[in-house]
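Quick notes on the structure that follows.
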Amino acid sequence: MAASMTRKEILGKVYKMVPPMLEKFHKGQLGRVAVIGGSEDYTGAPYFSAMASAKLGCDMSHVICEPGAGAVIKTYSPNLMVHPYMRQEKNMAKGETIDNISDNVVAMLDRLHVVVIGPGLGRDPAMQETCARVIMEARKKNVSFVLDADGLYLAQTRPELVKGYKECILTPNVVEFGRLAKSQNIDTEGVDASKLCEKLATALGGVTIIQKGSVDYISNGISTLISDGEGGLKRSGGQGDTLTGSLATLLAYRKAYLEKIWDHENDMDADELLALCAYGGSAITRECSRLAFKEKGRSLQAADLTEHVHTAFLDVVGEKPTDGSKL
């Protein structure tokens with residue numbers, strides 16, 4: 001995708017990728033997404049990610065988490081399907097092993113389009129190892145995934161898990177980006193931010209990276225886009241979870257486009273569509289932040305973004321007609 005394209009032109013392509021709402025579709029065709037995370041200490045992040053996915057139109061949003069987190073997350077919303085399959089090392093029962101725990105999670109991959117790994121995950125060795133095995137199986141099955149938060153720790157410490165896999169998006173903030181760059185022996189001093197993003201994507205074999213900041217740099221090592229839509233000024237934790245959930249739904253829409261579940265021009269390939277997912281997710285999240293900040297000001301919290309996902313989508317991308325015309 002040409003870096004010289006305008007924001008309007010790129011979002012016009014995102015619009016083309018998004019499926020219309022048609023009578024012929026059945027449950028699950030417009031997205032089956034799972035967020036893997038949620039530990040004893042962190043229950044909000046996987047909820048915000050999965051809810052963003054749902055609010056953007058995903059048919060089925062799952063959370064795969066530790067049992068203690070699952071009990072809490074179920075009280076947040078009845079709209080999410082919560083699976084307490086993950087285990088922290090200290091909470092593993094007699095007879096439970098990493099093998100049978102990870103087998104339970106991996107078994108879900110066949111009914112999922114996209115997986116988000118990291119929100120609320122923590123760095124417990126058992127949780128990390130389970131996710132590593134999920135990544136390996138996702139690659140074998142060609143399932144797209146998004147890595148954020150402590151999911152990025154796996155990319156930092158075990159880069160072979162993601163290196164060369166084009167069906168993934170990494171979403172580091174400035175600190176996480178620095179750690180990833182250091183792990184790949186990339187010097188960040190005095191280097192233009194867009195070039196840094198490109199260098200890291202190249203070092204990791206062409207994965208797509210969204211380098212979050214005052215503007216978001218998006219690169220797969222070959223082409224780099226800049227998402228610079230206005231956002232809010234409050235930096236409360238959890239806003240990145242809206243991004244990961246939005247990305248997951250857009251990746252599911254990408255799969256629907258590639259499978260031609262509706263009639264369209266079929267003039268965009270998988271690589272271009274992946275860049276569109278990254279840009280679209282960034283643009284929608286930034287608009288969520290802008291809308292929430294306009295309403296809440298300095299009191300803004302992550303939950304405030306969730307309520308603006310659909311409006312942000314309408315503002316940034318736009319809805320399609322339901323009669324199949326002008327798609």
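Within the 4.5 Å cutoff, side-chain heavy atoms of Leu80 are placed close to those of Met51. You'll find the side chain of Met86 reaches within 4.5 Å of the side chain of Ile64, heavy atoms only. Residues Glu259 and Gln29 are not in side-chain contact: their nearest non-hydrogen atoms beyond the backbone lie 4.5 Å or more apart. Using a 4.5 Å cut-off on side-chain heavy atoms (C-beta onward), Ile218 and Thr224 make no contact.
Surrounding NZ of Lys27 are at most 12 heavy atoms belonging to other residues, nucleotides or ligands under 6.0 Å away. Summarising the local packing, CZ of Phe293 is surrounded by more than 12 heavy atoms from other residues, nucleotides or ligands at distances under 6.0 Å. Within a 6.0 Å radius of NZ in Lys8, no more than 12 heavy atoms belonging to other residues, nucleotides or ligands are found.
Summarising the geometry of Gly231 relative to Ser289, their closest heavy-atom pair is C-OG, 3.9 Å, with the distance given to 0.1 Å. The two residues Ala181 and Thr188 have their closest heavy-atom pair at CB-CG2, 3.7 Å. Counting all heavy atoms, side chain and backbone alike, Val134 lies closest to Leu109 at O-CD1, 4.0 Å. The minimum heavy-atom distance linking Leu250 with Gly281 is given by the pair CD1-N, 3.2 Å. Summarising the geometry of Lys234 relative to Ser299, their closest heavy-atom pair is NZ-C, 4.3 Å, with the distance given to 0.1 Å. What you find for Arg7 and Ala283 is that their closest heavy atoms are NH1-CB, 4.1 Å.
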Where do Tyr85 and Thr130 land on the side chain to side chain donor-acceptor pair (under 3.5 Å) test, with the steps shown first? CA-CA 10 Å; Tyr85 298 160; Thr130 299; over 6 Å; no
Evaluation steps, salt bridge (charged side-chain N to carboxylate O under 4.0 Å, His left out), between Arg32 and Asp59: CA-CA 6 Å; Arg32 300 190 296 273; Asp59 281 350; over 6 Å; no
Checking Ser219 against Glu198 for the side chain to side chain donor-acceptor pair (under 3.5 Å) test, could you report, in this order, the C-alpha distance in whole Å, the side-chain angles of both residues, the deciding distance, and whether it holds? CA-CA 5 Å; Ser219 184; Glu198 182 180 309; 4.9 Å; no
Kindly determine whether Val115 and Ile135 satisfy side chain to side chain contact (heavy atoms under 4.5 Å, CB included), including the steps that lead there. CA-CA 9 Å; Val115 179; Ile135 289 172; over 6 Å; no
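The closest side-chain donor-acceptor pair between Ser227 and Tyr217, if any, does not fall under 3.5 angstrom. Between the side chains of Asp99 and Thr97, no donor-acceptor pair of N or O atoms lies under 3.5 Å. A donor-acceptor pair shorter than 3.5 Å can be found between the side chains of Thr249 and Ser53. In the model, Thr244 has a side-chain atom that pairs as donor or acceptor with a side-chain atom of Ser49 under 3.5 Å.
A salt bridge links Asp216 with Arg286: the distance from a Lys NZ or Arg NE/NH1/NH2 to an Asp or Glu carboxylate oxygen falls below 4.0 Å. Between Arg133 and Asp103 there is no salt bridge, since no side-chain N of the basic residue sits under 4.0 Å from a carboxylate O of the acidic one. The residues Glu272 and Lys13 are annotated as salt-bridged, a charged nitrogen and a carboxylate oxygen being separated by less than 4.0 angstrom. Ion pairing between a basic and an acidic side chain is recognised when a charged N comes within 4.0 Å of a carboxylate O; Lys140 and Glu137 show such pairing. In summary, Asp271 and Lys166 do not engage in a salt bridge, as defined by a charged side-chain N under 4.0 Å from a carboxylate O. Salt-bridge formation is detected for the pair Glu287/Arg290: a Lys NZ or Arg NE/NH1/NH2 atom is positioned less than 4.0 Å from an Asp or Glu carboxylate oxygen. Salt-bridge check for Glu66 with Arg87: failed, with every basic side-chain N at 4.0 Å or more from each acidic carboxylate O.
In this structure, CG on Leu274 lies 6.0 Å from CD on Glu167, to the nearest 0.5 angstrom. To the nearest 0.5 Å, atoms NZ (Lys255) and CG (Leu30) are separated by 13.5 Å. His26 NE2 to Ile261 CD1: the interatomic distance, rounded to the nearest 0.5 Å, is 8.0 Å. Atom OG of Ser39 and atom CE of Met127 lie 5.0 Å apart (nearest 0.5 Å). Atom CD1 of Ile210 is separated from atom CG of Leu225 by 10.0 Å, given to the nearest 0.5 angstrom. From Leu300, atom CG reaches atom CZ of Arg235 across 10.0 Å, with rounding to the nearest 0.5 Å.
For Tyr165, the ring-ring contact (aromatic ring centres under 6.0 Å, His included) partners are Phe145, not counting sequence neighbours.
If you run side-chain contact (heavy atoms from CB on, under 4.5 Å) between Arg158 and each of Gln128, Glu129, Lys163, only Glu129 comes through.
Under a hydrophobic-cluster definition in which Ile, Leu, Val, Met, Phe, Trp and Tyr are linked whenever side-chain heavy atoms come within less than 4.5 Å, directly or via other members, Leu56 and Tyr257 are assigned to the same cluster. Linking Ile, Leu, Val, Met, Phe, Trp and Tyr whenever their side-chain heavy atoms come within less than 4.5 Å puts Val82 and Phe48 in one cluster.
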Which pairs would a plain distance check flag for residues 146-156, meaning a side-chain donor or acceptor within less than 3.5 Å of a matching protein atom at least two apart in sequence or in another chain?
from, atom 1, to, atom 2, distance (Å)
Asp148, OD1, Thr171, OG1, 2.9
Asp150, OD1, Arg123, NE, 3.1
Asp150, OD2, Gly122, N, 3.1

